There are 2 protein chains.
Amino acid sequence: MKNSRQSRKKLDSQVRKKLLETAADLFYRRGIENVGINEVIDRSGAARMSLYYHFPSKDALILAVLDHTSEIRLKALEEANKKGKDKDPRSRLLEVFRPMKGIVEDEGFRGCAFINAATERADPADPIHERVARYKSDLRGIFARLAQEAGVLSPDLLSWQLLLLWDGTMTEVYIQQDPNLVDAAILAAETLIRSALPPPGPA
Amino acid sequence: MKNSRQSRKKLDSQVRKKLLETAADLFYRRGIENVGINEVIDRSGAARMSLYYHFPSKDALILAVLDHTSEIRLKALEEANKKGKDKDPRSRLLEVFRPMKGIVEDEGFRGCAFINAATERADPADPIHERVARYKSDLRGIFARLAQEAGVLSPDLLSWQLLLLWDGTMTEVYIQQDPNLVDAAILAAETLIRSALPPPGPA
DNA sequence: TTTGATATAGACCAGTCTGTATGATAATAT
DNA sequence: ATATTATCATACAGACTGGTCTATATCAAA
């Protein structure tokens, strides 16, 4: 049991946490490949060897950052959905794109961190890709669950379509530097959703 | 007139052309920042100074590659549209996503070269971003024109929505390594288009 | 014939990058 | 008390980067 106690402690380290958060911020804002570990340690205040104590390589740090970010993001989305638990499933599904508004309006928004990571690493065999693919699959899973609860006929198809729209919006808002594109996306999502819902029975 | 003859010649150079095409291929396949000029000159067979003779810097080469690619891509799309000139405008609009099938099925497909370029350069003030934004705007313009010709009520809104869907599909096909996602995208596009068209008058 | 444009070859520079080596020093657990 | 774990400081290695410099070779135009 000694081993598990050790690693528990190691993972709880404040220095490790600081490194992780600093790296996450820098990687997102400036691009993974444009940030050297020197900058990470300088900004985090940690020593070079502390970084390599906690993470065997820069790649390991990147993966840790992705895992960390994935957990936060998905949890936040789940929370946002639970908030409207009182509403009926149809409304909840129709509002699934609403959180995006706040995300893209954030100063320093630079698209989806996961898409960006996958793009910077060209090789699809890179472990980073697997993380990105999984994150996107999880995101789609949320869409699919909402769709199913709302009674959508083919929740799988719709969830993929919503994911495509989601990704495109995150990307294009960044490219055009125009958060208002989200409004078009929300309307599109509503159109897709309404087309996927069975027509309301004659009351 | 001497000057124009000179630059005409310079632009027509075979070496320059080879450099441009080699760089375009390498940049797309492996990522702009992951390809050094050494590799470009090695693969193209050109000399180091020939590269710097035609392009003052790597950044200039990148911009030239983007311009070159943009011209080819947009022209190809226009051509594809013109081919179905005999069909009615509605059909042409509904088939606007069809060329994507072939694009993503290409071996070595790695998403949209322009999105990738913008992602690798984090700074929105980078000249590269302007090229990417313009390309995407031009692409949207094609969608908008088709939508208008088909009698869509709000061609601008629809064209943006189609662009978002387009971008998301290019990206997600790459992430999931699954060209079949295009089918979901095509269905989504059709749904969006049909919702944007005025209902067919009672014949 | 002289000039200028295009192209090649390769040495070279200054700087960046990740990662390692070494050693000292706290803090903590046994 | 002592052994382990965590942290820091710093120097260094080795590879790679974009870009410059110099010298040379064609070849067409003036």
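Remember, it's a predicted structure, so these values are computed and weren't measured experimentally. All chains are named by letter (A, B, ...) in the order of the sequence lines, taking the proteins before the strands, and each is independently numbered beginning at 1.
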Quiz item: Which whole-number value in Å describes the distance from A:Phe55 CZ to C:dT20 P?
Solution: 16 Å
Quiz item: Only one of B:His68, B:Arg73, B:Lys75 clears side-chain hydrogen bond (donor to acceptor under 3.5 Å, both in side chains) with B:Glu71; which?
Solution: B:Lys75
Self-check item: Length of the line joining A:Ile41:CD1 and C:dT16:P, which is rounded to integer Å
Solution: 14 Å
Is there any protein nitrogen or oxygen under 3.5 Å from a nitrogen or oxygen in nucleotides 17-19 of chain D, and what are the pairs?
from, atom 1, to, atom 2, distance (Å)
D:dG18, OP1, B:Lys58, NZ, 3.1
D:dG18, OP2, B:Ile37, N, 2.9
D:dG19, OP2, B:Tyr52, OH, 3.1
D:dG19, OP2, B:Lys58, N, 2.8
D:dG19, N7, B:Arg48, NE, 3.3
D:dG19, N7, B:Arg48, NH2, 2.7
D:dG19, O6, B:Arg48, NE, 3.0
D:dG19, O6, B:Arg48, NH2, 2.8

Exercise. Provide, to the nearest angstrom, the distance between the CG atom belonging to A:Leu26 and the C1' atom belonging to C:dC17.
Key: 16 Å
Quiz item: Pick one: which of B:Tyr135, B:Tyr28, B:Phe27 meets ring pair (Phe, Tyr, Trp, His ring centres under 6.0 Å) with B:Phe114?
Solution: B:Tyr135
Quiz prompt | Whole-Å distance separating the CZ atom of B:Arg16 from the P atom of C:dA5 | solution = 17 Å
Quiz item: How close or far is atom C1' of C:dA7 from atom CG of B:Leu51, stated in whole angstroms?
Solution: 12 Å
Quiz prompt | Salt bridge present between A:Lys136 and A:Asp167 (N-O < 4.0 angstrom) | solution = yes
So which protein nitrogen or oxygen atoms get under 3.5 Å of nucleotides 13-15 of chain D's nitrogens or oxygens?
none

Practice problem: Check the distance between C:dG19's P and A:Leu61's CG and give it to me in whole angstrom. | Solution: 10 Å
Self-check item: N-O pairing of B:Lys17 and B:Asp12 below 4.0 Å
Solution: no
Exercise. Please round to the nearest 0.5 Å and tell me the distance separating atom CG of B:Leu63 and atom OG of B:Ser57.
Key: 7.5 Å
Quiz item: Nearest-Å distance, NZ (B:Lys18) to C1' (C:dA7)?
Solution: 15 Å
Self-check item: B:Lys83/B:Glu79 ion pair, N-O < 4.0 Å
Solution: no
Quiz item: In terms of side-chain geometry, is the basic nitrogen of B:Asp123 or A:Arg30 positioned less than 4.0 Å from the acidic oxygen of its partner?
Solution: no
Quiz item: Where does the angle between the aromatic ring planes of B:Phe143 and B:Phe97 fall among parallel (under 30°), tilted (30 to 60°) and perpendicular (over 60°)?
Solution: tilted
Quiz item: Charged N to carboxylate O under 4.0 angstrom, A:Glu149 versus A:Arg145?
Solution: yes
Quiz item: Which whole-number value in Å describes the distance from B:Met49 CE to D:dT20 P?
Solution: 8 Å
